[in-house]
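Quick notes on the structure that follows.
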Protein chains: 2
Amino acid sequence: MATSYQQFCPVAKAMELLDERWTLLVVRELVMGSEHFNEVRRGVPRMSPTLLSKRLHQLVRAGVVDRRPDGRYLLSAAGRELRPVVEALGLWGTRWIGELGDADLDPRLLMWDMHRSVVADAVPQGRTVVRFRFPDAPTGSRDWWLVISADGTDVCDIDPGHEVALTVTGRLRALTEVWRGDRTWQDAVGAGELVVSGPADLRRSLPDWFTLSTFARVPRPVAAGR
Amino acid sequence: MATSYQQFCPVAKAMELLDERWTLLVVRELVMGSEHFNEVRRGVPRMSPTLLSKRLHQLVRAGVVDRRPDGRYLLSAAGRELRPVVEALGLWGTRWIGELGDADLDPRLLMWDMHRSVVADAVPQGRTVVRFRFPDAPTGSRDWWLVISADGTDVCDIDPGHEVALTVTGRLRALTEVWRGDRTWQDAVGAGELVVSGPADLRRSLPDWFTLSTFARVPRPVAAGR
DNA sequence: CAGTATCCCTTATGATACTG
DNA sequence: CAGTATCATAAGGGATACTG
């Protein structure tokens, strides 16, 4: 457990819980709606299960999370009120931490995020498969499929075998930037960094199939004087 | 420096900088208006100067703080936008981390905070001295004086020798709770936990002499169902 | 006043393997 | 699926003394 700051300031008391590594990312996952251990885990893939377990228990002890008998982890009233904290951090990070290192790019995580943001109504009826190709990604994570249907969306890293409606090809960084809202689909496609292939009508509507990241629409800082 | 989370999520990128121990408390001090090293330091007395120095440099490197040639540390545009983060955390901490351990009580820090919140217009003209007595505090930090004048307010832990206008006596915890807004002056005085002695008119106006903590007026959670 | 220099030591955490 | 167990390493950070 974190050492106490020995301060009565509420910011310090809050940070005693929240400033430990990974804690706020776990909260972020719960705020995003994950409830099961392995569901949370997909959102923090670099975190060891031991540590995730520890963090979840800390959050339960702190009264931020309730663990249900069925194994679900649900935010308590206190936990739900952490949403503004997560939002403030995401907003700030979006505006002021623009540069992503290569190590920050993760196709599995990107697919996992995107699958959560599919707008069912914008996608054609029935089953629609979107293939993503990242020629620059490591072997084994170059090809991905999102299988979108009325039941929801599945992420596959092996060919599910269904007919592919659209294929998006480009550098992982380009799609990540679009997802984050650093640039638009139009921009990335126009610059030739993302190539969408498939029927024209689908190609045109593709940008509407995803709501993109929660923070994509945050206004970026304008170049300003002091 | 903190290890990367290897995530493109803006919350993760923000926390790479902000989740290290003490960092956000240093930001809090800068947001509160401290500019000089030793001024910040008074707000984080349990932090070693080495570590404070390190954190300030990290914040400078991250573009959150500008170090001026005259030695001042000023928030940059990015740094000023951390205010909402600090506020969200303070608000949450106020609502959900109510219990203070004895170790969280610190008379010097309390006096330092209170001296910043003096409402000059509410205090009588000229020099006004308020004495605070904490019989339960360790020897050497039982008696404090706030010397309030047009020039500002000084904190003394040894008798400055001036005439004392009011004396506030009580447990450190009681005054800390009033400062945080967990209870009112009226409540603490009514319960006999704080005793104010001095001229009646001054005693009556004392609650107006301080604005109290930034978070004192945050509404506390009402007992609620799930 | 405004920091640096050391030094030790806890402990957080990453990695990996394993279990009910 | 939902975690625990174990382990070794790095390093974060506390304490204290010292300097320009």
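In what follows, chains are A, B, ... by sequence order, proteins preceding strands, each numbered from 1.
When the shell of 6.0 Å around CZ of B:Arg46 is examined, it contains 12 or fewer heavy atoms from other residues, nucleotides or ligands. For CZ of A:Arg72, the number of neighbouring non-hydrogen atoms (other residues, nucleotides, ligands) closer than 6.0 Å is greater than 12. Remark: B:Arg83 CZ is loosely packed, at most 12 non-hydrogen atoms of other residues, nucleotides or ligands lying under 6.0 Å away. Counting non-hydrogen atoms of other residues, nucleotides and ligands closer than 6.0 Å to CZ of A:Arg67 gives a total above 12. Heavy-atom neighbours of A:Arg127 CZ from other residues, nucleotides or ligands within 6.0 Å: at or below the threshold of 12.
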Nucleotide N/O to protein N/O under 3.5 Å, stretch nucleotides 15-20 of chain D:
none

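With salt bridges taken as basic N to acidic carboxylate O contacts below 4.0 Å, none links A:Arg21 and B:Asp19.
The OH atom of A:Tyr5 sits 14 Å away from the P atom of D:dG12 (whole-angstrom rounding). Atom-to-atom, CD of A:Glu20 to P of D:dG12 comes out at 14 Å; the value is rounded to the nearest Å. Per the geometry, CZ belonging to B:Arg42 stands 13 Å off P belonging to C:dG3, to the nearest Å. A straight line from CZ of B:Arg72 to C1' of C:dC1 spans 16 Å, rounded to a whole angstrom. In this structure, the CE atom of A:Met47 is 10 Å from the C1' atom of C:dT13, given to the nearest Å. Rounded to whole Å, atom C1' of C:dC9 lies 15 Å from atom CG of B:Leu51. As rounded to whole Å, 16 Å separates atom P of D:dC1 from atom CD of A:Glu35. Atom CG of A:Leu52 and atom P of C:dT13 are 13 Å apart (whole Å).
In this structure, A:Arg116 is not positioned above the aromatic face of A:Phe210 in the sense of NZ or CZ being under 6.0 Å from the six-membered ring centre and within 45° of the axis.
Side-chain N/O atoms of B:Arg21 include one lying less than 4.0 angstrom from OP1 or OP2 on D:dG14. Regarding contacts with the backbone of C:dA12, a side-chain N or O of A:Lys54 is found under 4.0 angstrom from either OP1 or OP2. A sub-4.0 Å separation between OP1 or OP2 of D:dG3 and a side-chain N or O of A:Tyr73 is present. Between B:His57 and C:dT4, a side-chain N or O to OP1/OP2 separation shorter than 4.0 Å is present. Between A:His36 and D:dA2 there is a side-chain polar atom (N or O) within less than 4.0 angstrom of OP1 or OP2. Regarding contacts with the backbone of D:dG14, a side-chain N or O of B:Trp22 is found under 4.0 angstrom from either OP1 or OP2. At the phosphate of D:dA2, neither OP1 nor OP2 sits under 4.0 Å from any side-chain N or O atom of A:Arg67.
If you check every strand for non-hydrogen atoms under 4.0 Å, B:Arg55 touches sugar and phosphate atoms only.
Residues A:Arg131 and A:Thr167 bring a donor and an acceptor atom of their side chains to less than 3.5 Å of each other. Counting only N and O atoms by type, the side chains of A:Arg55 and A:Thr23 include a donor and acceptor under 3.5 Å apart.
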Study note, to complete from the structure: Each base of DNA chain D marked ( ) or [ ] if paired in-strand (Watson-Crick or G-U under 3.5 Å), | if paired to another strand and . if unpaired gives ||||||||||||||||||||
Practice item. Please lay out, stage by stage, how B:Glu20 and B:Gln58 fare under the test side-chain hydrogen bond (donor to acceptor under 3.5 Å, both in side chains). Key: CA-CA 11 Å; B:Glu20 280 189 299; B:Gln58 287 175 308; 3.1 Å; yes
